Protein chains: 2
Amino acid sequence: MLRLSRLTDYAVVVLARMGEEATALQSAPGLAHRTGLPEPTVAKVLKTLAQAGVVEGLRGARGGYRLSKPLPEIKLTEVIVAFDGPIALTACVDGGSGLCESEHLCPVRGRWDPVNTAIRDALEKISVAELAGHALSPAEADFRLAAE
Amino acid sequence: MLRLSRLTDYAVVVLARMGEEATALQSAPGLAHRTGLPEPTVAKVLKTLAQAGVVEGLRGARGGYRLSKPLPEIKLTEVIVAFDGPIALTACVDGGSGLCESEHLCPVRGRWDPVNTAIRDALEKISVAELAGHALSPAEADFRLAAE
DNA sequence: GGAAATGGGACTGGTTTGGTCCTATTTAAG
DNA sequence: CTTAAATAGGACCAAACCAGTCCCATTTCC
């Protein structure tokens, strides 16, 4: 279905929430509570985002996570790549050869590259802030907390 | 990995091969042999393509398939949609509501739409012919047959 | 030293997908 | 009129993939 992993979706939610107070240090449990997402999942998401350098993790008691750059500067591709791997339609990844067993049989080898770059370009222009949009309004936040 | 189904890949291969003789009626077994792909798989691919209206299937002995329009006019999106379903990143499909259990909890609901349209636009501009490219050259065809 | 947090994996249940096969239906040829 | 060859449409099963959970090591503040 050309779908990206659900974790990517969660990541955007979490990042949007972090963007409300970009400078503050926020803990995984805290973010879990405020987003309404299960705590272990949020923890996993943040760990991955930290590895990707999208957020910065500080250890120890009173530790937490912080955006490593403002929300509008975080490109959607960064998040997608972190969870779904390199953006490449089809199993034969990019120029990597040797993996495909029937390499010499495959007449379209490498031909997907223009498609991939087209998609990459399209996603490159979108920032996480654009996906967050009005979802950050306090009104919705209250609504969501009340629903618990 | 943001990958599309392998059948989509096969479909492009088969279509490229059909494009060589766009007017001729070609049988599934014949195409299987000429592409080097397993026959049942090719059959399945062609059935799906026929349902999508990309190819036209004629029944009976001496039946077969034929492109319903020239290769350059077949948009890549048509093929992708046929196998992978509507192009929509994320599980929450488009505007369809009611499916997501925590709908009222999800702060990014619907916000993926701009992303989806961006991708759709990018793919809309690419035809199957562009993916086929030079793969149709007789030289490669011979090479492939020789490898069997 | 203890509590609270991140960091990094390991493991597992459920879902999805590929690939195969079987059975109807259609149509040309003998 | 019978037979063969092809499409049409599903059913089915094994394998791969993913999400979600949990566990343990490490770090840091009180």
Side-chain angles (χ1 to χ4, degrees), chain A residues 1-11 13-14 18 24-33 35 37-68 80 82-85 90-91 93 99-102, chain B residues 1-11 13-14 18 24-33 35-66 68 80 82-85 89-93 99-102:
Chain A
M1 206 211 262
L2 196 67
R3 74 184 188 294
L4 36 76
S5 104
R6 199 176 302 185
L7 295 182
T8 305
D9 207 338
Y10 294 157
V13 176
V14 171
M18 291 179 77
L25 207 58
Q26 310 199 53
S27 74
L31 282 167
H33 180 254
T35 54
L37 298 173
E39 196 258 312
T41 300
V42 171
K44 188 174 197 172
V45 165
L46 285 168
K47 280 182 234 178
T48 305
L49 287 175
Q51 278 188 326
V54 176
V55 303
E56 186 184 2
L58 298 185
R59 290 182 155 204
R62 313 294 289 266
Y65 294 94
R66 176 199 302 149
L67 293 180
S68 53
I80 292 180
F83 291 95
D84 302 79
T90 203
V93 177
L99 298 174
C100 186
E101 46 179 45
S102 55
Chain B
M1 204 210 268
L2 197 68
R3 75 186 188 292
L4 35 75
S5 106
R6 197 176 302 183
L7 295 182
T8 305
D9 207 338
Y10 294 157
V13 176
V14 171
M18 291 180 77
L25 208 56
Q26 311 201 52
S27 73
L31 282 168
H33 180 254
T35 53
L37 298 173
E39 196 258 311
T41 301
V42 172
K44 189 174 195 172
V45 165
L46 284 167
K47 280 182 232 177
T48 306
L49 286 174
Q51 278 187 325
V54 175
V55 302
E56 186 186 3
L58 296 186
R59 290 184 155 201
R62 313 294 287 267
Y65 294 94
R66 176 200 302 149
S68 52
I80 292 180
F83 290 95
D84 301 79
L89 296 187
T90 202
C92 324
V93 177
L99 298 175
C100 185
E101 48 180 42
S102 56

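It should be emphasised that the depicted structure is a prediction, and the values quoted were computed from it without experimental measurement. Order of the sequence lines fixes the chain letters, A, B, ..., with proteins taken first and strands second; residue numbering starts at 1 for each chain.
- Nearest to the side-chain atoms of A:Thr41 among the listed nucleotides D:dT21, D:dG9, D:dA19 stands D:dT21.
- Taking the side chain of A:Ala61 as heavy atoms from C-beta on, and the options D:dT21, D:dT28, C:dT6, the nearest nucleotide is D:dT28.
- A donor-acceptor contact shorter than 3.5 Å is absent between the side chain of B:Ser27 and the backbone of B:Gly64.
- Closest contact between the side chain of A:Arg59 and the listed nucleotides D:dT27, D:dT7, C:dG9 involves D:dT27.
- Shown are B:Leu49, B:Val14, B:Val45; of these, the side-chain contact (heavy atoms from CB on, under 4.5 Å) with B:Val55 is made only by B:Leu49.
- The side chain of B:Pro40 has C:dT20 as its nearest neighbour among D:dC22, D:dG20, C:dT20.
- Nearest to the side chain of B:Arg6, among C:dG19, C:dT6, D:dT7, sits C:dG19.
- In this model, the phosphate group of C:dT26 is not approached by any side-chain N or O of B:Arg62 to a distance below 4.0 Å at OP1 or OP2.
- Nucleotide D:dA19 holds its C1' atom 16 Å from the CG atom of A:Leu46, rounded to whole Å.
- Following rounding to the nearest Å, A:Leu7 (CG) and D:dT21 (C1') show an atom-to-atom distance of 12 Å.
- Here the shortest heavy-atom pairing between B:Ala82 and B:Ala52 reads CB-CB, 3.7 Å.
- For the pair A:Tyr65 OH and D:dT27 P, the computed distance is 15 Å after rounding to whole Å.
- Between the P atom of D:dA6 and the CG atom of B:Leu31 lies a distance of 12 Å, rounded to the nearest Å.
- Listed candidates were C:dT20, C:dG18, D:dT7. Nearest to the side chain of B:Ser5 is C:dG18.
- Place A:Glu39 and A:Gly60 on DNA chain D by their nearest nucleotides, and A:Glu39 ends up nearer the 5' end.
- At the heavy-atom level, A:Leu58 lies under 4.0 Å from the strands shown only through sugar-phosphate atoms.
- The interatomic distance linking A:Lys47 (NZ) with D:dT21 (P) rounds to 13 Å, in whole Å.
- Between the base of C:dG18 and the side chain of B:Lys44 there is no donor-acceptor pair shorter than 3.5 Å.
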Would you check, one step at a time, whether the test side chain to side chain contact (heavy atoms under 4.5 Å, CB included) holds for A:Thr48 with A:Phe83? CA-CA 7 Å; A:Thr48 305; A:Phe83 291 95; 3.6 Å; yes
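- When distances are taken from the side chain of A:Tyr10 to each of D:dG20, C:dG8, D:dG10, the shortest belongs to D:dG20.
- Among C:dT20, D:dA8, D:dT7, the nucleotide with an atom closest to any side-chain atom of B:Ala50 is D:dA8.
- Counting heavy atoms from C-beta on, the side chains of B:Leu46 and B:Met18 come closer than 4.5 Å.
- Put simply, A:Gln51 has no side-chain N or O that comes within less than 4.0 Å of OP1 or OP2 on C:dG7.
- Nucleic acid contact for B:Ala28: sugar-phosphate only, since backbone atoms but no base atoms lie under 4.0 Å from a heavy atom of the residue.
- One interatomic measurement links the two molecules: NE2 of B:His33 to P of D:dA5, which rounds to 17 Å at whole-angstrom precision.
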